[in-house]
Amino acid sequence: MAAARERFHLTVLPKASPPSRDALLEGLRQAQAAICTLTEHLDQEILSQAPRLRVIANYAVGYNNIVLEAARARGIVVTNTPDVLTETTADLTWALLLATARRVAEGDRLVREGAWQGWEPTQLLGADVEGKTLGIIGMGRIGRAVARRASGFTMTVLYCSHGVSNPSALDSQWQRLPQDEVLARSDFISLHVPLTPDTHHVIGAAELRRMRPTAFLINTSRGPVVDEAALVDALRDGRLAGAGLDVYEQEPHLHPGLLQLRQVVLLPHLGSATLRTRIQMGMVCLENIQAVLEGRHAPNRVA
Ligand code: DGY
């Protein structure tokens with residue numbers, strides 16, 4: 001914020017998450033540039049009332065909150081914040097994976113609630129991670145960073161991906177397979193696809209049925225890539241061992257069934273939430289805005 005104030009005349013919307021539509025319309029009316037987060041939906045109507053807007057710097061790597069065609073049609077550049085959050089999000093994915101497999105949140109609740117009676121041989125038995133198979137759906141930057149960490153746990157890595165942006169960054173030990181096979185053969189499935197019409201509910205009832213009953217699903221990408229109702233059903237019926245979720249279909253609202261399931265670890269969309277990364281994301285937004293306003297190519301242009 002300090003760096004933004006130094007470079008630009010800054011208007012900060014009232015601290016409400018997400019801001020009301022009226023606040024958004026008012027805030028953008030005179031703006032030449034906007035930094036927005038994934039909770040702000042910038043659609044055709046909003047953009048049509050922002051006549052001076054030249055660039056939207058999305059404070060996230062995902063940009064499903066912006067209607068790109070509407071921005072393109074008005075000549076507005078859209079940018080995101082890749083790279084700076086890759087490792088941080090991969091770390092959180094592993095935190096969730098380990099917490100889910102080893103029942104960390106349940107253990108914490110037991111101790112805090114004063115219900116712990118002492119060590120027992122069969123207390124909160126979890127699943128081993130070491131030597132298991134990790135299935136990655138979406139082998140982009142974050143998928144690869146998650147896969148790299150798996151070697152520390154001597155895991156087999158399987159993956160499926162529509163496209164692979166940087167083939168030289170793939171480890172020859174990782175095996176590319178059709179999605180159905182990745183689902184059927186993995187002990188842990190971790191999702192790293194962007195949210196697009198093609199990836200909406202990429203994990204639905206049929207895909208969950210392909211997974212092993214001993215497997216865990218980890219999602220740090222976007223909530224709507226998983227059919228939450230189908231996930232709740234699978235967990236309730238014992239067709240899946242557990243899930244670690246950082247993102248939800250209707251954030252901040254959760255499917256009520258999730259809250260009742262002890263085998264689910266729930267986080268409030270913390271993927272990139274470290275101080276260093278969040279500062280870097282802000283600086284990337286400023287660099288992109290500055291480039292566009294100075295007539296240069298924005299380094300992280302997505303539209
Ligand atoms: C992203 O970058 O897309 C995250 O979800 C927010 O940090």
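Here the structure is a predicted model, which is why all the values come from computation and not from measurement.
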- Message: If you compare all heavy atoms of Ala298 against all heavy atoms of Ala291, which two are closest, and at what distance to 0.1 Å?
- Response: CA-CB, 4.0 Å

- Query: Which distance, rounded to the nearest 0.5 Å, do you find between the CZ of Arg276 and the CE of Met281?
  - Reply: 13.0 Å

- Message: Donor-acceptor pair, distance only, cut-off 3.5 Å: does the side chain of Thr86 make one with the backbone of Asp83?
- Response: yes

- Could you tell me whether a side-chain N or O of Thr154 sits under 3.5 Å from a main-chain N or O of Glu130, the two making a donor and an acceptor? no

- With a 4.5 Å limit on heavy-atom distance, are the side chains of Leu217 and Ile203 in contact? yes

- Item | Single-linkage hydrophobic cluster, 4.5 Å side-chain cutoff, Tyr59 and Leu92 together | yes

- Task: Using a strict cut-off of less than 4.0 Å between a Lys/Arg side-chain nitrogen and an Asp/Glu carboxylate oxygen, indicate whether Asp128 and Arg102 qualify as a salt bridge.
- Result: no

- Query: Among Asn65, Thr79, Asn64, Asn300, whose side chain to side chain donor-acceptor pair (under 3.5 Å) with Asn58 holds?
  - Reply: Asn65

- Item | Stepwise side-chain contact (heavy atoms from CB on, under 4.5 Å) check, Leu254 with Leu259 | CA-CA 8 Å; Leu254 275 68; Leu259 295 171; 4.1 Å; yes

- Item | Thr37-Glu40 side chain donor-acceptor pair, cut-off 3.5 Å | yes

- How far apart are the closest heavy atoms of Leu38 and His41, and which atoms are they? O-NE2, 4.3 Å

- Show the numbers, then the answer: is there a salt bridge (charged side-chain N to carboxylate O under 4.0 Å, His left out) between Arg74 and Glu69? CA-CA 9 Å; Arg74 307 191 68 79; Glu69 302 75 51; over 6 Å; no

- Task: Please lay out, stage by stage, how His255 and Glu249 fare under the test side chain to side chain donor-acceptor pair (under 3.5 Å).
- Result: CA-CA 8 Å; His255 186 293; Glu249 278 201 82; over 6 Å; no

- Query: Is Arg301 close to Asn80 at the side-chain level, that is, under 4.5 Å between some pair of heavy atoms?
  - Reply: no

- Heavy-atom closest pair (Cys285 atom, Thr81 atom, distance to 0.1 Å) is SG-CG2, 3.9 Å

- Task: Tell me, with the steps shown, if Val232 and Arg236 meet side-chain contact (heavy atoms from CB on, under 4.5 Å).
- Result: CA-CA 6 Å; Val232 168; Arg236 266 196 199 132; 3.6 Å; yes

- Task: Using a strict cut-off of less than 4.0 Å between a Lys/Arg side-chain nitrogen and an Asp/Glu carboxylate oxygen, indicate whether Glu106 and Arg109 qualify as a salt bridge.
- Result: no

- Task: Indicate yes or no for a side-chain donor-acceptor contact from Arg52 to the backbone of Gln32 under 3.5 Å, with no hydrogens or angles considered.
- Result: no

- Message: What I'd like to find out is whether the side chain of Asp187 reaches to under 4.5 Å of the side chain of Leu134, using heavy atoms alone.
- Response: no

- Task: For the residue pair His192 and Arg144, establish whether any side-chain heavy-atom pair is separated by less than 4.5 Å.
- Result: no

- Item | Donor-acceptor contact present, side-chain Ser20 to main-chain Ala23, <3.5 Å | yes

- Item | Backbone of Met139 reached by a side-chain donor or acceptor of Ser161 within 3.5 Å | yes

- Task: Under the side chain to side chain donor-acceptor pair (under 3.5 Å) rule, what do Thr89 and Thr220 come out as? Steps first, then yes or no, please.
- Result: CA-CA 8 Å; Thr89 306; Thr220 56; over 6 Å; no

- Item | Heavy-atom closest pair, residues Arg212 and Ser186 | CD-O, 3.6 Å

- Message: Under the criterion salt bridge (charged side-chain N to carboxylate O under 4.0 Å, His left out), I'd like the reasoning laid out for Arg148 against Asp171: C-alpha separation, chi angles, the key distance, then a yes or no.
- Response: CA-CA 8 Å; Arg148 278 201 309 276; Asp171 189 314; over 6 Å; no

- Query: Taking atom CG of Leu25 and atom CZ of Arg29, what is their separation to the nearest 0.5 Å?
  - Reply: 6.0 Å

- Considering non-hydrogen atoms only, spot the tightest contact between Pro224 and Leu195 and give its length. CG-CD2, 3.7 Å

- Is there a donor-acceptor pair under 3.5 Å between the side chain of Arg149 and the backbone N or O of Ala145? yes

- Message: Quiz question: by atom type and distance under 3.5 Å, do the side chains of Ser221 and Asn219 form a donor-acceptor pair?
- Response: yes

- Task: Identify whether Val55 and Leu53 are in the same connected component of the hydrophobic contact network (ILVMFWY, side-chain heavy atoms under 4.5 Å).
- Result: no

- Item | Min side-chain heavy-atom separation Leu286-Asn288 under 4.5 Å | no

- Message: Count I, L, V, M, F, W, Y as connected when their side-chain heavy atoms are under 4.5 Å apart, and connections chain through other members. Are Ile218 and Met155 then in the same cluster?
- Response: yes

- Item | Donor-acceptor pair, side chain of Thr277 and main chain of Thr274, under 3.5 angstrom | no

- Query: In terms of side-chain geometry, is the basic nitrogen of Asp43 or Arg21 positioned less than 4.0 Å from the acidic oxygen of its partner?
  - Reply: yes

- Item | Expected output: side-chain Glu251 to main-chain Tyr248 donor-acceptor under 3.5 Å | yes

- Message: Can you tell me how the ring of Phe216 sits relative to the ring of Phe188, calling it parallel under 30°, perpendicular over 60° and tilted otherwise?
- Response: parallel

- Strictly by modelled atom types, are Asn166 and Ser168 linked by a side-chain donor-acceptor pair under 3.5 Å? yes

- Item | Within one Ile-Leu-Val-Met-Phe-Trp-Tyr cluster: Val77 and Leu42, side-chain cutoff 4.5 Å | no

- Close side-chain approach of Ile142 to Leu85, heavy-atom, < 4.5 Å: yes

- Query: So, the side chain of Gln290 versus the backbone of Glu287: is there a donor-acceptor pair under 3.5 Å, distance only?
  - Reply: no

- Decide yes or no for Arg278 and Ser272: does some side-chain heavy atom of the first lie under 4.5 Å from some side-chain heavy atom of the second? yes

- Does the side-chain contact (heavy atoms from CB on, under 4.5 Å) test come out yes or no for Arg176 and Val182, once each step is laid out? CA-CA 8 Å; Arg176 188 173 187 175; Val182 175; over 6 Å; no

- Message: Please determine whether residues Ile56 and Val84 belong to a single hydrophobic cluster, defined as Ile, Leu, Val, Met, Phe, Trp and Tyr linked transitively by side-chain heavy-atom distances below 4.5 Å.
- Response: no

- Glu181 with Arg185: basic N within carboxylate O range, under 4.0 Å: yes

- Kindly compute the distance separating CD (Glu87) from CZ (Arg141), expressed to the nearest 0.5 Å. 11.5 Å

- Let me see the working for Leu191 and Arg222 under side-chain contact (heavy atoms from CB on, under 4.5 Å), right down to the final yes or no. CA-CA 9 Å; Leu191 305 176; Arg222 282 290 182 269; over 6 Å; no

- Query: Under a 4.5 Å cut-off applied to non-hydrogen side-chain atoms, are Leu293 and Arg54 in contact?
  - Reply: yes

- Message: To the closest 0.5 Å, what do you measure between CG (Leu235) and CG (Leu208)?
- Response: 8.0 Å

- Note on the structure: Between the CZ atom in Phe8 and the CD1 atom in Ile289, the distance rounded to the nearest 0.5 Å is 5.5 Å

- Task: Test salt bridge (charged side-chain N to carboxylate O under 4.0 Å, His left out) on Glu207 and Arg210 and set out the steps.
- Result: CA-CA 5 Å; Glu207 290 72 24; Arg210 301 282 306 171; over 6 Å; no

- Message: So which atom in Val157 and which in Ala147 form the shortest heavy-atom distance, rounded to 0.1 Å?
- Response: CG1-CB, 3.9 Å

- Message: Please determine whether the number of non-hydrogen atoms from other residues, nucleotides or ligands lying under 6.0 Å from atom CD of Glu294 exceeds 12.
- Response: yes

- Message: To the nearest 0.5 Å, what is the distance between CG on Leu231 and NE2 on His201?
- Response: 10.5 Å

